[in-house]
Structure formats: structure tokens, C-alpha cells
Amino acid sequence: MIRAILSLAFALALPAAAQQAVPSAPTPPPVEKPELVRAFPHDPTAFTEGLLIADGNLYESTGREGESVIRQVDLTTGKTLRHATVPDGLFGEGIVAWGPELRSVTWHGGRGFRWSRPALKRTGEWRYEGEGWAMTDDGHHIILSDGTPRLRFLDPATMKVVRTLDVTVNGRPLKNLNELEYIDGQIWANVWMTPYIVRIDPATGVVAGVVDLSDLVAREGLTDRDSVANGIAYDRVKHRIFVTGKNWPELFEIRLPKAAR
């Protein structure tokens, strides 16, 4: 885990001259610092694992055993409008909206759940192998991360794997892919324990760009090592991007510089 984080940081920080000294080395992805559009209040007790906007509503899932919930949140105030509790003993992870449902995963145990939307009533359960970290969708498949460099594409009808995608940066596998969001034809993923979001080509798995949230991390000023950037939501109607982190007191609307879009 630490090796993957250091590899990413080293690859991104490697001087241009050193990169050019190795002709066979892949071109490193561009690193972009986002523009801050607006800050909103966010529940600082929320250990954020999943974030999404569906039908104009903001939904969030939180982690930790005994504290994991799925909830609808008022964007402007950060207040919880309704919530449902993940079964006892499970560590809640990411969520995805599909049809009239939300579907959620848990860290260990291979148990996923179905929830009605917006009432958040638990309506069913599904199973998967390995860990569950986060989910998004590309309009055809549900995409699942599990902490490895491999993303799984699931058939929404059966929740079975139909294909996989290995993610690489500078030609190397990139693990610790956490919260996911599908934005304008790319898969965005928080890299756990770093301030980076990577923008992944869904056809090749190659990291096409890196969004550096270090300024927002510094603004929050949290000292708990677990209070990392995690949570990406995209308003597909109004084309707005939101990010937050675990136990962050703020949620941010951001946009990339025009040159990076």
C-alpha cells in the first residue's frame, strides 16, 4: 500500500529532465489543481465512503462498524434529510444509483445491499468476491473498486462481473483506488491516503490526468491520518463536480482549469 502511494508521488514529482533521460518511459499524466467554485457545510462526523447526486439529490454513505449509514443530505446546509443504517458489524463503503435504487457495498464480507430511492428502505442484498470499496456507473455497467489496481464492470441486472480493467500510471499498476465517479467519459478515483484524484481512461485503464486536492486538504487542517480526501459526486444535469473527505467540515464544488478539460 505505502509502496504504491510513494510510487505515485515519486512519478508525479519526478523532474522533467529525469523523465526525458529514460526514452522508453511513458509520458507522465498532467497534474491539475482545481478551481474552487464554492464551499458547503459537511458533517464532520461523517466518515465519507461514497458520494453521488441522483435526480438532483445528494446521497452519502459512511463507514466504520456500528456507524455506517446511507443518507440523503441537503447540499446547502449539510443536514441529513433521511438515513438508513447498514446492518450491524459491517463497514459501509461506496454507493451507486441505478434506476430507482441505490446499491451499496461493504468493506469485508462480500455483502452488498439494495435501497429504495429516495425512501432508503432496504429492499435486497447481493454478493461479490473480495473487498468492496466504491462504485459508479457508465450508463451501461456498474463499476466496482476493491483497493487493487483492477476495476470490475458489473452487469446491473445480475451484479456479475462482465469485464475488468487494470489501471496504470506511468506504465505501473496503481492500487488503492477508492471512491469512484464517472465524469465526461472518464472514471475519476480517489487514491486512498493521498490528496490525488486520478482520471482514468475506461478503455485502456491508463491514468490520463491527476487532480491535486492538496490545497483543499490543507484548508481543512485535519491531523487524523484517516481524514483523507474521499468522495466525488457529479451532477450530470448541471455538470457540477463536488468533492469532500472523511470527517471534513466542508464539501467543495470544483472545476478543472479550462486547459485541462
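What you see is a predicted model, and the numbers here were worked out from it, not measured in a lab. The chain is numbered in sequence order, starting from 1.
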I'd like to know if the side chain of W248 pairs up with that of T48 as donor and acceptor (distance under 3.5 Å, no hydrogens or angles considered).
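Looking only at side-chain atoms, T48 and W248 do not form any donor-acceptor pair under 3.5 Å.
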Decide whether W107 and E131 meet the rule of one side-chain donor and one side-chain acceptor closer than 3.5 Å.
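Present: a donor and an acceptor within the cut-off.
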Got a sec: does the CG of D224 have more than 12 other heavy atoms crowding it under 6.0 Å?
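Enclosed.
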Taking atom CD as the centre, does E129 end up with more than 12 heavy-atom neighbours from other residues, nucleotides or ligands that are less than 6.0 angstrom away?
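Open.
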Minimum heavy-atom separation for [X] and [Y], please, with both atom names.
X    : Y    : answer
A189 : L180 : CB-CD2, 3.5 Å
V105 : Y128 : CB-OH, 3.5 Å
G147 : K175 : O-CB, 3.5 Å
V169 : P29  : CG2-CG, 3.9 Å
E250 : A39  : OE2-CB, 3.6 Å
V86  : L90  : CG1-CB, 4.0 Å

Donor-acceptor contact below 3.5 Å, side chain [X] vs main chain [Y]:
X    : Y    : result
D212 : E32  : no
T62  : V69  : yes
E181 : Y234 : yes
T136 : Y182 : yes
R122 : T85  : no
S61  : I70  : no
D146 : T148 : yes

Hey, what do you get for [atom1] ([X]) to [atom2] ([Y]), rounding to the nearest 0.5 Å?
X    : Y    : atom1 : atom2 : value
I53  : Y59  : CD1   : OH    : 11.0 Å
R172 : L174 : CZ    : CG    : 11.5 Å
N57  : D74  : CG    : CG    : 9.5 Å
F91  : E67  : CZ    : CD    : 9.0 Å
I187 : L151 : CD1   : CG    : 5.5 Å
E125 : S104 : CD    : OG    : 9.5 Å

For side-chain contact (heavy atoms from CB on, under 4.5 Å), just list the numbers for L154 and W126, CA-CA rounded to whole Å, side-chain angles, deciding distance to a tenth of an Å, and then say yes or no.
CA-CA 12 Å; L154 311 178; W126 56 284; 4.2 Å; yes
ILVMFWY cluster, [X] and [Y] together (side-chain gap under 4.5 Å):
X    : Y    : value
F252 : F40  : no
I232 : V217 : yes
F242 : L213 : no
V243 : L222 : yes
V210 : I200 : yes

Partner residues of D235 under the salt bridge (charged side-chain N to carboxylate O under 4.0 Å, His left out) criterion, sequence neighbours left out
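Salt bridge (charged side-chain N to carboxylate O under 4.0 Å, His left out) list for D235, sorted by chain: R240.
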Is there side-chain contact between [X] and [Y], with at least one heavy-atom pair below 4.5 Å?
X    : Y    : result
K33  : P257 : no
R117 : D55  : yes
L51  : L251 : yes
F47  : D226 : yes

Check the pair E93 / E179 against side-chain contact (heavy atoms from CB on, under 4.5 Å), numbers first and verdict last.
CA-CA 9 Å; E93 289 279 354; E179 162 69 346; over 6 Å; no
Among R152, R103, M159, exactly one meets side-chain contact (heavy atoms from CB on, under 4.5 Å) together with L144. Which residue is that?
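With L144 as partner, R152, R103, M159 yield a single side-chain contact (heavy atoms from CB on, under 4.5 Å), made by R152.
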State which residues pass side-chain hydrogen bond (donor to acceptor under 3.5 Å, both in side chains) with D166; sequence neighbours excluded, sorted by chain then number.
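Residues passing side-chain hydrogen bond (donor to acceptor under 3.5 Å, both in side chains) with D166: R150.
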Take L216 and I254 through the test side-chain contact (heavy atoms from CB on, under 4.5 Å) and record every step on the way to the result.
CA-CA 10 Å; L216 299 182; I254 63 169; 4.1 Å; yes
Between the side chains of E253 and R38, is the shortest nitrogen-to-carboxylate-oxygen separation below 4.0 Å, so that they form an ion pair?
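No.
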Please report the C-alpha distance between D215 and L36 in whole Å, then the side-chain angles of each, then the deciding distance to 0.1 Å, and finally whether the side-chain contact (heavy atoms from CB on, under 4.5 Å) criterion is met.
CA-CA 10 Å; D215 288 347; L36 175 59; over 6 Å; no
Just to verify, which of K79, R71, K246 counts as forming a salt bridge (charged side-chain N to carboxylate O under 4.0 Å, His left out) with D43?
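Only one option passes, and that is R71.
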Any idea how W192 and W133 line up, ring-wise: parallel (<30°), tilted (30 to 60°), or perpendicular (>60°)?
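W192 vs W133 ring planes: perpendicular.
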Carefully, step by step, assess D137 and R236 under the rule salt bridge (Lys or Arg N to Asp or Glu O under 4.0 Å).
CA-CA 12 Å; D137 78 277; R236 299 181 183 185; 3.4 Å; yes
